[in-house]
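Numbers here are sequence positions counted from 1.
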Amino acid sequence: MAVHSTKKHFWSRFLSPVMTLMMLSYFGFHAINGPHGLRSLCLMDLRIAELELKIEKKIRRCKALEKRIALLRDGSMEKDMVDQYIRSQLNMLRQDEVAIIGLN
């Protein structure tokens with residue numbers, strides 16, 4: 001005749017809650033500090049904002065250049081603009097002009 005003991009050991013009562021707590025701690029830590037966690041999300045948001053500012057600067061620069069190109073392209077080139085460009089490229093002055101060199 002077999003006797004079955006229904007008495008549970010002391011550690012078996014705490015095994016399930018301890019394992020659950022360990023698993024929650026593990027996943028909670030990685031949800032905050034992991035490569036796709038909350039901390040990484042904040043860093044990516046900062047990087048996105050930084051890159052968007054760079055893009056806005058590039059777009060403004062591109063529009064300014066497009067505006068200058070349009071002035072040269074439409075057949076009605078402004079004499080002053082062409083004169084300024086040629087002088088800057090050839091480093092030439094008229095006899096009655098004085099050159100003031102500034103640091104940019």
Can you list, by chain and residue number, the hydrophobic cluster partners of [X] when the side-chain cut-off is 4.5 Å?
| X | result |
| --- | --- |
| Met44 | none |
| Met23 | Tyr26, Phe27 |
| Ile55 | Ile59 |

Subject >> Test side chain to side chain contact (heavy atoms under 4.5 Å, CB included) applied to Ser16 - qualifying residues, sequence neighbours left out >> reply: Thr20
**OP:** List in chain and number order the residues that pass side chain to side chain contact (heavy atoms under 4.5 Å, CB included) with Leu53, two or more places apart in sequence or in another chain; answer none if no residue qualifies.
**Re:** Glu56
Subject >> Nearest-0.5 Å distance that lies between atom CD1 in Ile48 and atom CG in Leu51 >> reply: 8.0 Å
**OP:** Any chance you could measure His30, atom NE2, to Ile32, atom CD1, to the nearest 0.5 Å?
**Re:** 11.0 Å
Subject >> Closest approach of Ser40 to Gly34 (non-hydrogen atoms, all atoms of both residues) >> reply: OG-O, 3.1 Å
Original post:
Does Glu50 have any side-chain hydrogen bond (donor to acceptor under 3.5 Å, both in side chains) partners at least two apart in sequence or in another chain, and if so, which?
Top reply: Arg47
